[in-house]
There are 2 protein chains.
Amino acid sequence: MGKGVGNEVGKVAGKVAGMSEDQPGVTGSLAHRVPDLGALELLLAVARLGSLGAAAREVGITQPAASSRIRSMERQLGVALVDRSPRGSRLTDAGALVTDWARRIVEAAQAFDAGAQALRDRRDSRLRVAASMTIAEYLLPGWLVALREGRPDTAVSLHAGNSAAVAERLLSGEADLGFVEGLTVPTGLDSAVIAHDRLIVVVAPGHAWARRRRGLAAAELAVTPLILREKGSGTRQVLDTALGGLARPLIELSSTTAVKAAAVSGAGPAVLSELAVGEELALRRLVGVPVEGVSLARDLRAVWPTGHRPTGPARDLLSLTRG
Amino acid sequence: MGKGVGNEVGKVAGKVAGMSEDQPGVTGSLAHRVPDLGALELLLAVARLGSLGAAAREVGITQPAASSRIRSMERQLGVALVDRSPRGSRLTDAGALVTDWARRIVEAAQAFDAGAQALRDRRDSRLRVAASMTIAEYLLPGWLVALREGRPDTAVSLHAGNSAAVAERLLSGEADLGFVEGLTVPTGLDSAVIAHDRLIVVVAPGHAWARRRRGLAAAELAVTPLILREKGSGTRQVLDTALGGLARPLIELSSTTAVKAAAVSGAGPAVLSELAVGEELALRRLVGVPVEGVSLARDLRAVWPTGHRPTGPARDLLSLTRG
DNA sequence: CTTGCCCATAAGCCCAGTTTATGCCCCCAT
DNA sequence: ATGGGGGCATAAACTGGGCTTATGGGCAAG
């Protein structure tokens with residue numbers, strides 16, 4: 001067997017000056033080292049069905065194509081993934097692990113797909129949703145994936161904006177269901193709490209606050225320049241209220257992502273929804289700073305025009321968000 | 001402006017009989033609806049750098065290639081992603097959202113890549129890790145990504161197995177650092193607790209237990225047939241100990257994934273690490289059942305041969321896992 | 001020992017994504 | 001005002017990965 005890696009794939013594609021792309025090690029963008037989605041889906045199908053041929057049929061290609069694709073994936077990764085026998089194929093130990101990791105990529109792709117589809121549908125959709133940025137970013141794609149499983153032919157359209165924009169779309173009849181994250185419910189709307197969120201103060205691991213054990217007081221937070229979302233964002237509103245209207249920006253950025261990036265790079269303390277920083281906290285790229293006597297909790301709410309209790313698709317989606 | 005979508009891309013590629021692939025709706029596998037990793041990376045670069053050309057340089061392609069690729073991504077998604085101007089390109093609102101979703105795919109791909117690379121390196125690696133399945137599956141890829149950021153040229157190899165296998169590799173000198181999830185530390189090894197985990201009882205939302213408010217007692221759990229990992233797995237050991245050695249299997253499955261799938265499909269209650277079911281709980285595909293008077297907590301530990309305190313790369317990795 | 005399911009190999013096709021090679025637009029500095 | 005430089009678009013030609021069809025060989029069960 002052997003790995004048979006006598007290949008000379010690279011061949012130094014560009015004669016261009018630019019890039020230095022020759023080390024054998026960890027070079028070449030992700031896309032060159034990670035199989036594409038089609039291959040990963042195929043692998044999942046093989047894992048589930050126990051046969052290359054059956055998996056091929058499921059994803060709509062022929063058996064030789066599946067065989068070759070799995071094989072080239074094994075070559076690419078340098079790891080045997082499946083044990084082929086005349087009676088079927090089973091994953092190797094390494095294959096099982098790879099498959100589990102692959103599943104996470106595929107799940108992220110499903111969320112992407114569900115979201116993107118909602119962004120497009122605009123017109124003829126049976127359910128028009130308006131959501132605040134944080135919710136649209138972190139929660140909604142998952143809900144849409146779940147909705148698609150339960151009600152495969154509900155076409156959903158999505159519009160993201162701040163609370164005011166959500167309210168406006170609902171009241172003008174441009175949206176059927178909204179999601180907001182502020183402290184107050186815009187007038188003219190009814191609401192139901194669907195989840196709880198909390199803002200947390202985060203710093204890069206090197207920051208002095210990273211080792212703090214005693215909670216920060218409101219006063220202290222108020223006098224410290226912070227990396228913040230822009231005024232008008234739900235996040236900012238909650239913080240301003242909690243501190244008594246005087247959060248002091250070090251910089252104002254217009255997206256959660258930008259705030260995270262700035263915080264990770266050590267620019268200073270940031271205040272963000274815990275939804276946004278789960279991964280970063282787990283990997284210790286950011287550290288949470290305890291706070292004391294400041295209420296940074298906030299409710300996430302579904303909202304709809306007063307009186308128009310959600311029905312049909314809107315109710316379906318709503319029931320997925322909390323029960 | 002308009003979308004300028006006069007395309008007739010499809011052109012019904014295959015003359016083959018096979019597939020019926022014509023409905024405009026939600027057909028065609030994910031891979032056809034989600035841009036490939038290269039395109040997503042390019043999009044992230046555009047978001048960060050504010051220019052197609054600069055992004056192109058960063059990912060190592062030419063400007064026209066980048067332009068065309070972004071454009072075909074926009075066509076594929078049916079959404080304008082970037083505002084092109086003679087002075088650069090900025091994301092549209094929709095583009096910003098899409099980019100955030102794309103980032104999650106790319107991050108999953110990075111974890112996959114780091115893991116796969118470790119599976120391959122086998123030989124000449126400077127750090128040889130042995131880990132239990134749950135840790136290898138859920139935690140390690142993230143650590144490896146972080147390690148790669150901090151120490152780009154640490155080649156890591158990974159071997160996954162149960163606690164006994166981890167211990168064996170460490171003691172025989174085939175591994176430098178191990179991670180286990182059992183209750184007891186194998187003899188001959190020193191350890192440090194790096195995180196806490198908890199087993200939880202989960203059921204499909206339709207199950208009677210899903211609406212339970214009072215905690216399950218050990219006795220009740222012990223007499224109920226459960227979906228479980230096989231004997232010998234860390235998960236199973238903890239459960240058996242907690243119940244007094246008598247967990248009653250409804251089915252025994254050899255992977256966490258299989259257990260999850262069975263539980264989601266409503267086969268019965270399952271007992272799993274909370275690491276494994278985060279996503280499922282959030283989306284309510286599974287519901288946690290409260291337990292009472294049963295200690296299902298367990299420590300996750302790093303382990304190494306007694307006396308050989310981790311140094312060098314092993315210490316680097318260790319310090320990422322908790323501090 | 002034949003039928004069915006499995007996988008592998010071989011040869012040829014096709015399209016997506018690239019690369020060069022241009023051209024236009026806008027801003028800024030000279 | 002006038003060139004220069006950064007930025008984007010379009011066009012034509014090349015390449016290769018992945019697909020399909022067409023086979024062949026192993027193993028099990030009727």
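Values below: every heavy atom of this structure, side chains too, minus hydrogens, waters and symmetry copies. For clarity, every value in this text was computed on a predicted model and none was experimentally measured.
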Whole-Å distance, A/Leu52 CG to D/dG25 P, equals 20 Å

In numerical order, the residues of residues 83-94 of chain A whose heavy atoms come under 4.0 Å of DNA chain D are A/Pro86, A/Arg87

Here the distance between atom C1' of C/dG17 and atom CD of B/Glu41, to the nearest Å, is 15 Å

Closest of C/dC7, C/dG17, D/dT20 to the A/Gln63 side chain is C/dC7

Taken to the nearest whole Å, CD1/B/Ile70 to C1'/C/dG17 is 13 Å

A/Ser51 has its side chain closest, among C/dT19, C/dA8, C/dC7, to C/dC7

From CZ of A/Arg71 across to C1' of D/dC19 the rounded distance in Å is 17 Å

To the nearest angstrom, the CZ-C1' distance between B/Arg57 and D/dG5 comes to 12 Å

- Query: Can you find a heavy atom in the side chain of B/Arg69 that is under 4.5 Å from one in the side chain of B/Asp36?
  - Reply: yes

Looking only at C/dA8, D/dA9, D/dC19, the nucleotide nearest the A/Ser67 side chain is C/dA8

Winner on side-chain proximity to B/Pro64, out of D/dT10, C/dC7, D/dA22, is D/dT10

CG of B/Leu43 to CG of B/Leu37, rounded to nearest 0.5 Å, is 12.5 Å

Atom CZ of B/Arg69 and atom C1' of D/dC8 are separated, to the nearest Å, by 18 Å

Do B/Arg229 and B/Thr256 meet the criterion of a side-chain donor-acceptor pair at a distance under 3.5 Å?
yes

B/Ile61 atom CD1 is separated from D/dC14 atom P, nearest whole Å, by 21 Å

Contacts of A/Glu58 meeting side-chain hydrogen bond (donor to acceptor under 3.5 Å, both in side chains) (sequence neighbours excluded), chain-then-number -> A/Arg48

With a 3.5 Å cut-off and sequence neighbours excluded, list the donor-acceptor pairs that the side chains of residues 88-97 of chain B form with protein atoms.
unit_1	atom_1	unit_2	atom_2	d
B/Thr92	OG1	B/Ala80	O	2.8
B/Thr92	OG1	B/Leu81	O	3.1
B/Thr92	OG1	B/Gly95	N	2.8

